[in-house]
Amino acid sequence: MEVSQASYQIIADLLSARTGQHLTESRRWRVGTALSGVFREHGISNLDQLVCLLDEPRRRSHDRDLATEVVEALLNNETYFFRDKPTFDQIPDDILPELARRRRHTRRLSIWCAGCSTGQEVHSLAMLFEDQKALWDGWTIDILGTDVSHRAIRTARTGLYSQFEVQRGLGVTQMLRHFEETPGGWQILDHVRHITRFQQHNVLSEPPARARFDLVLCRNVLLYFDADTRAMVFDRLASAMARDGFLMLGAGETVVGQTRAFEPAAKRMSIYEFPEQVARSAALGFG
């Protein structure tokens with residue numbers, strides 16, 4: 001689909017203003033595909049026509065305007081259960097046991113999944129706690145999932161996934177233990193859902209809760225931000241975390257050269273801590 005530079009720039013500016021994400025030239029090819037559903041819904045044939053309609057008071061379900069539909073269509077909501085397993089496996093094998101030690105007196109644990117998309121990451125974490133139920137007996141566990149997309153959060157709250165979605169990252173035993181097959185798809189069971197909650201939130205905004213999170217997952221969220229925006233997001237994340245907490249990024253992301261708020265955690269992949277905690281661990285011989 002041919003896209004005029006002027007229309008492309010308007011759409012790019014809209015996405016940046018709403019989410020902080022930059023629609024780079026390398027992503028230009030997917031604009032038409034991403035917006036195809038919006039085109040069909042509104043009888044639009046090209047991007048120039050769409051841009052002309054953006055200012056009209058046109059509404060659809062949930063009282064969201066056309067600009068919001070465009071932004072949500074352009075967001076990358078790619079996710080699946082136990083995504084990037086070698087990295088994710090550090091959570092049950094290393095991070096949670098360490099946090100259990102650090103929080104043994106309070107027996108409370110707060111986790112934030114920023115950019116959780118349709119909820120698979122949050123539910124993966126909840127399944128870990130269910131599978132280690134004896135270890136966490138008597139603990140208060142809270143797992144918060146947030147995303148800038150209203151549509152993604154609605155799906156996450158339902159906990160209902162298609163056959164294709166539920167098979168991505170899950171084995172048959174996990175499916176049968178934690179999900180129930182229904183006419184509408186695979187419904188995650190209450191024994192998993194009871195420690196999870198979801199809300200719409202933009203990582204450019206103030207953190208979603210006053211509580212200090214012990215573990216924050218912000219994976220593949222920073223890829224589409226420029227350097228200044230990434231630095232600001234790191235500051236937001238740091239302000240939301242306990243000083244001995246952990247931050248997990250995506251495999252293609254790093255704090256190195258991006259912020260002074262965090263440093264790589266010793267002998268861990270894509271895991272970061274506050275500088276003083278890294279220094280403390282090194283002094284104790286864990287580095």
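Hydrogens, waters and symmetry mates are skipped; everything else that's a heavy atom, side chains included, is used.
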Problem - Lys/Arg-Asp/Glu bridge criterion (N-O < 4.0 Å) met for R101, E98 - result: yes
Problem - Charged N-O contact under 4.0 Å between D244 and R103 - result: yes
Practice task
Report yes if some heavy atom in the side chain of L128 is under 4.5 Å from a heavy atom in the side chain of F88; otherwise report no.
Solution key: yes
Completion exercise
Tightest non-hydrogen contact, residues Y161 and F179, listed as CD1-CE2, 3.9 Å
Practice task
Determine, using the 4.5 Å side-chain heavy-atom cutoff (strictly less than), whether L144 and L249 are members of one ILVMFWY cluster.
Solution key: yes
Problem - Between S205 and N202: side-chain donor-acceptor atoms closer than 3.5 Å - result: no
Handout entry: Backbone N/O of T158 and side chain of Q187: donor-acceptor pair under 3.5 Å
Key = yes
Practice task
Carefully, step by step, assess D65 and T68 under the rule side-chain hydrogen bond (donor to acceptor under 3.5 Å, both in side chains).
Solution key: CA-CA 5 Å; D65 61 9; T68 299; 2.7 Å; yes
Practice task
Spell out, as yes or no, whether a donor-acceptor pair under 3.5 Å connects the side chain of R107 to the backbone of D137.
Solution key: yes
Exercise for the section: Determine whether V148 and M232 fall in the same hydrophobic cluster, where Ile, Leu, Val, Met, Phe, Trp and Tyr are linked whenever their side-chain heavy atoms lie under 4.5 Å apart. Expected result: no
Problem - Spatial distance of atom CG (L160) from atom CD (E180) [nearest 0.5 Å] - result: 10.5 Å
Practice task
Could you tell me the separation between the CD atom of E165 and the CD atom of Q120, rounded to the nearest 0.5 Å?
Solution key: 6.0 Å
Problem - Non-hydrogen side-chain atoms of I153 and C116 separated by less than 4.5 Å - result: yes
Handout entry: N220 backbone acceptor or donor facing E253 side chain under 3.5 Å
Key = yes
Problem - Heavy-atom side-chain proximity of T79 to R219 below 4.5 angstrom - result: no
Handout entry: Backbone N/O of S45 and side chain of Q49: donor-acceptor pair under 3.5 Å
Key = yes
Problem - Atom pair OG1 (T254) and CZ (R230), whose distance is rounded to the nearest 0.5 Å - result: 10.5 Å
Completion exercise
Looking only at heavy atoms, the pair that brings D147 and N77 closest together is OD1-OD1, 4.2 Å
Practice task
Find out whether F225 and H22 are in side-chain contact, i.e. whether some heavy atom of one side chain is under 4.5 Å from a heavy atom of the other.
Solution key: no
Handout entry: Pairwise side-chain contact, I10 with L47, heavy-atom cut-off 4.5 Å (strictly under)
Key = no
Exercise for the section: Give, for atom CG of L74 and atom OG1 of T19, the distance between the pair rounded to the nearest 0.5 Å. Expected result: 9.0 Å
Exercise for the section: Give the cluster check for Y272 versus M248: same hydrophobic cluster or not, with ILVMFWY residues linked at side-chain heavy-atom distances below 4.5 Å. Expected result: no
Handout entry: Residues R102 and E273 bridged, charged N to O under 4.0 Å
Key = yes
Problem - Close side-chain approach of I91 and F246, heavy atoms under 4.5 Å - result: no
Problem - Hydrophobic cluster identity match, I143 and L99, side-chain contacts under 4.5 Å - result: yes
Problem - Distance in Å, L237 CG paired with F213 CZ, rounded so as to fall on 0.5 Å steps - result: 10.5 Å
Problem - Residues, nucleotides or ligands: over 12 heavy atoms within 6.0 Å of R168 CZ - result: yes
Exercise for the section: Determine yes or no for a side-chain-to-main-chain donor-acceptor pair under 3.5 angstrom, with Q90 supplying the side chain and T87 the backbone. Expected result: yes
Handout entry: Minimum heavy-atom distance between V255 and P264, given as atom pair plus value
Key = CG2-CD, 4.2 Å
Exercise for the section: Give the C-alpha distance, both sets of side-chain angles, the deciding distance and a yes or no for side chain to side chain contact (heavy atoms under 4.5 Å, CB included) between L75 and L15. Expected result: CA-CA 9 Å; L75 294 172; L15 181 67; 4.2 Å; yes
Practice task
For the pair H201 and W112, evaluate side chain to side chain contact (heavy atoms under 4.5 Å, CB included) and give the outcome as yes or no after the intermediate values.
Solution key: CA-CA 12 Å; H201 176 263; W112 176 22; 3.9 Å; yes
Exercise for the section: Specify the closest pair of heavy atoms between F198 and G119, including all atoms of both residues, with the distance to one decimal. Expected result: CE2-CA, 3.9 Å
Practice task
Check whether F82 and W186 end up in the same hydrophobic cluster, where Ile, Leu, Val, Met, Phe, Trp and Tyr are linked by side-chain heavy atoms less than 4.5 Å apart.
Solution key: yes
Practice task
Decide yes or no on side chain to side chain contact (heavy atoms under 4.5 Å, CB included) for Q200 and R151, but give the supporting numbers first.
Solution key: CA-CA 9 Å; Q200 191 275 337; R151 182 171 57 190; over 6 Å; no
Exercise for the section: Examine distances only and state if a side-chain atom of R268 and a backbone atom of D94 form a donor-acceptor pair shorter than 3.5 Å. Expected result: no
Handout entry: Heavy-atom side-chain contact between L14 and S16 under 4.5 Å
Key = no
Problem - side chain to side chain contact (heavy atoms under 4.5 Å, CB included) between F81 and H178, worked out - result: CA-CA 12 Å; F81 293 100; H178 300 304; over 6 Å; no
Exercise for the section: Decide if atom CZ of R260 counts as having more than 12 heavy atoms of other residues, nucleotides or ligands within a radius under 6.0 Å. Expected result: no
Problem - Between CG on residue D142 and CZ on residue R197, distance to nearest 0.5 Å - result: 4.0 Å
Problem - Check: E72 side chain, H150 main-chain N or O, donor-acceptor pair, under 3.5 Å - result: yes
Exercise for the section: Find out whether L125 and L217 are in side-chain contact, i.e. whether some heavy atom of one side chain is under 4.5 Å from a heavy atom of the other. Expected result: yes
Practice task
Taking all heavy atoms of W139 and all of L135, pick out the closest pair and write down the distance.
Solution key: NE1-O, 3.9 Å
Exercise for the section: Find out whether the Lys NZ or Arg CZ of R243 is both under 6.0 angstrom from the six-membered ring centre of F274 and within 45° of the ring's axis. Expected result: yes
Exercise for the section: List the steps and the verdict of side-chain hydrogen bond (donor to acceptor under 3.5 Å, both in side chains) for Q277 and R280. Expected result: CA-CA 5 Å; Q277 183 61 39; R280 188 177 301 118; 2.4 Å; yes
Handout entry: Atom of G20, atom of L204 and distance for their closest heavy-atom approach
Key = CA-CD1, 3.6 Å
